[in-house]
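Predicted model only: the values in this text are computed from it and were never measured. Residue numbers begin at 1 in each chain, while the letters A, B, ... track the order of the sequences.
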Amino acid sequence: MAYCRSMVHDTADSWKVLTSASDIVARRLLGSTLVRVLPGGVRLAGRIVEVEAYDQTDAASHSYRGRTPRTDVMFGPAGHLYVYFTYGMHYCANVVTGAEGHGAGVLIRAVEPLEGLDTMAENRQHRNRSKTHELTNGPAKLCQAFGIDKTWNGHDLRQEPLRLELSQTPLEEDMIVQTPRIGIKQAKDVPWRFYIRENPYVSGYVSRTR
DNA sequence: TGGACGATCCCCT
DNA sequence: GGGGATCGTCCAT
């Protein structure tokens, strides 16, 4: 019984890490799992292998120019989902981090598909199903695969049917590669992109290793 | 009220 | 490797 209570305590405790600075949280999210249960009961799961940190003090962040209707969720409680729409056709998902009132988050750039690959392929209208690494190796791709759109903006990731399961133990430091972020013009030298070393499910892995 | 642009992806060359 | 698709958001008139 004491054991059970300590497990519950640990879970609540580990969730608190999300209130840390976004670059700290970014590292901690690597190896954690995103789980979606669809209305029909199908389970989709992916292990987070690539992330980017954003903060209100950082010119590349949506929250840099202050709280607006669009960025409101970023300034809310940690552990909620900030979903934004971009390029007229894509959604991207962030885990909100930091204290309430502070606009920060971690963009999930890629996951390694674990469960529900067929459904992910359908959601992605994926033609070549042998290339499973192309299902979720980009921020908009994983949103499409998981069926995440703007209706999920503000969702608490501790709640079904879309949950973030924090890994029990952080990854070893030498398993994490740190680089500048992708596709931004402001603050492009800030090294706040993190990914798991030599993981084939990281975005652009194939083209960069050719 | 309008115009520029974007934390992307995919197809074509 | 380059460019088009496509529309919400924000800022300047």
Side-chain angles (χ1 to χ4, degrees), chain A residues 18 21-27 29-30 34 46 48-76 78 80-98 102-111 113 120-155 157 164 177-195 200-210:
Chain A
L18 298 185
S22 57
D23 58 319
I24 306 288
V25 179
R27 293 168 173 279
L29 289 184
L30 290 176
L34 192 64
I48 297 173
V49 297
E50 179 182 354
V51 293
E52 286 178 359
Y54 289 88
D55 187 88
Q56 66 179 35
T57 59
D58 151 31
S61 175
H62 290 170
S63 55
Y64 182 64
R65 296 183 185 280
R67 196 167 187 162
T68 66
R70 177 206 200 187
T71 61
D72 192 58
V73 171
M74 279 188 92
F75 290 82
H80 286 222
L81 195 67
Y82 166 53
V83 181
Y84 68 88
F85 183 66
T86 192
Y87 291 102
M89 58 184 82
H90 297 302
Y91 295 100
C92 297
N94 298 244
V95 178
V96 175
T97 67
H102 185 92
V106 173
L107 171 70
I108 306 176
R109 282 196 58 87
V111 304
M120 289 185 193
E122 283 169 22
N123 289 345
R124 292 263 299 126
Q125 298 168 333
H126 202 243
R127 291 178 190 169
N128 188 346
R129 300 199 175 195
S130 63
K131 294 185 177 177
T132 59
H133 69 276
E134 288 185 359
L135 284 174
T136 55
N137 63 341
K141 292 182 186 180
L142 74 89
C143 281
Q144 202 178 12
F146 276 75
I148 297 173
D149 59 20
K150 211 178 171 187
T151 62
W152 292 94
N153 191 35
H155 173 74
L157 288 167
L164 174 67
V177 182
Q178 184 170 2
T179 75
R181 294 166 292 185
I182 289 179
I184 56 168
K185 289 178 181 167
Q186 305 292 321
K188 59 185 168 67
D189 296 325
V190 174
W192 274 3
R193 170 174 174 249
F194 305 88
Y195 64 89
Y201 298 94
V202 166
S203 68
Y205 179 82
V206 173
S207 59
R208 273 196 297 278
T209 50
R210 264 191 195 138

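- At a threshold of 4.0 angstrom between heavy atoms, the contacts of L107(A) include nucleobase atoms, whether or not backbone atoms are also involved.
- For the pair E52(A) CD and dT8(B) C1', the computed distance is 12 Å after rounding to whole Å.
- To the nearest angstrom, P of dC5(B) lies 15 Å from NE2 of H62(A).
- Within the nucleic acid shown, A60(A) comes within 4.0 Å of at least one base atom, counting heavy atoms only.
- Remark: the separation of the P atoms in dA7(B) and dG1(C) is 23 Å, to the nearest Å.
- R67(A) and Q56(A) form no side-chain donor-acceptor contact under 3.5 Å, judged by distance and modelled atom types alone.
- Nucleotides of DNA chain C lying under 4.0 Å from heavy atoms of chain A occupy a range whose first and last members, 5' to 3', are dA5(C) to dC11(C).
- Comparing G138(A) and K185(A) by the nucleotide of DNA chain B that holds the closest heavy atom to each, the one mapping nearer the 5' end is K185(A).
- Atoms CD1 (I184(A)) and C1' (dC5(B)) sit 15 Å apart, rounded to a whole Å.
- Under the ring-ring contact (aromatic ring centres under 6.0 Å, His included) criterion, H155(A) pairs with W152(A), not counting sequence neighbours.
- Atom-to-atom, CG of L142(A) to P of dT8(B) comes out at 12 Å; the value is rounded to the nearest Å.
- F85(A) comes within 4.0 angstrom of sugar-phosphate atoms only, judged by non-hydrogen atoms across all strands, and of no base.
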Output field dot_bracket for DNA chain C (Watson-Crick or G-U, both distances under 3.5 Å, | for other-strand pairs) contains |||||.||||||.
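- Backbone-only engagement by K150(A) is indicated by non-hydrogen atom pairs under 4.0 Å involving sugar-phosphate atoms exclusively.
- Checked against ring-ring contact (aromatic ring centres under 6.0 Å, His included), F75(A) has no partners two or more places apart in sequence or in another chain.
- A distance of 9.0 Å separates OG1 in T71(A) from NE2 in H62(A), rounded to the nearest 0.5 Å.
- Taking atom OH on Y87(A) and atom P on dC5(B), their separation rounds to 12 Å, with Å as the unit.
- Taking 4.5 Å as the limit, some side-chain heavy atom of I108(A) sits within range of a side-chain heavy atom of V95(A).
- For R124(A) (side chain) and E134(A) (main-chain N/O), a donor-acceptor pair under 3.5 Å exists by modelled atom type.
- At least one side-chain nitrogen or oxygen of R109(A) sits closer than 4.0 Å to the OP1 or OP2 atom of dT8(B).
- A donor-acceptor pair under 3.5 Å links the side-chain atoms of N153(A) to the main chain of V83(A), judged by distance alone.
- Rounding to the nearest 0.5 Å gives a distance of 10.5 Å between CG of L107(A) and CZ of R193(A).
- Ring orientation note: the planes of F85(A) and Y91(A) are tilted relative to one another, at an angle of 30° to 60°.
- Residues K141(A) and T136(A) are not in side-chain contact: their nearest non-hydrogen atoms beyond the backbone lie 4.5 Å or more apart.
- Regarding Y84(A), its OH atom lies at a distance of 18 Å from the P atom of dC5(B), rounded to whole Å.
- Taking every heavy atom of residues 63-72 of chain A and every atom of DNA chain C, pairs under 4.0 Å involve R65(A), T68(A), R70(A), by number.
- As rounded to whole Å, 12 Å separates atom P of dC5(B) from atom CD of Q186(A).
- Atom CE of M89(A) and atom C1' of dC5(B) are 14 Å apart (whole Å).
- Checking side-chain atoms of N137(A) against main-chain N and O of S203(A) turns up no donor-acceptor pair under 3.5 Å.
- A26(A) pairs by the side-chain contact (heavy atoms from CB on, under 4.5 Å) definition with V51(A), A53(A), V106(A), F194(A), not counting sequence neighbours.
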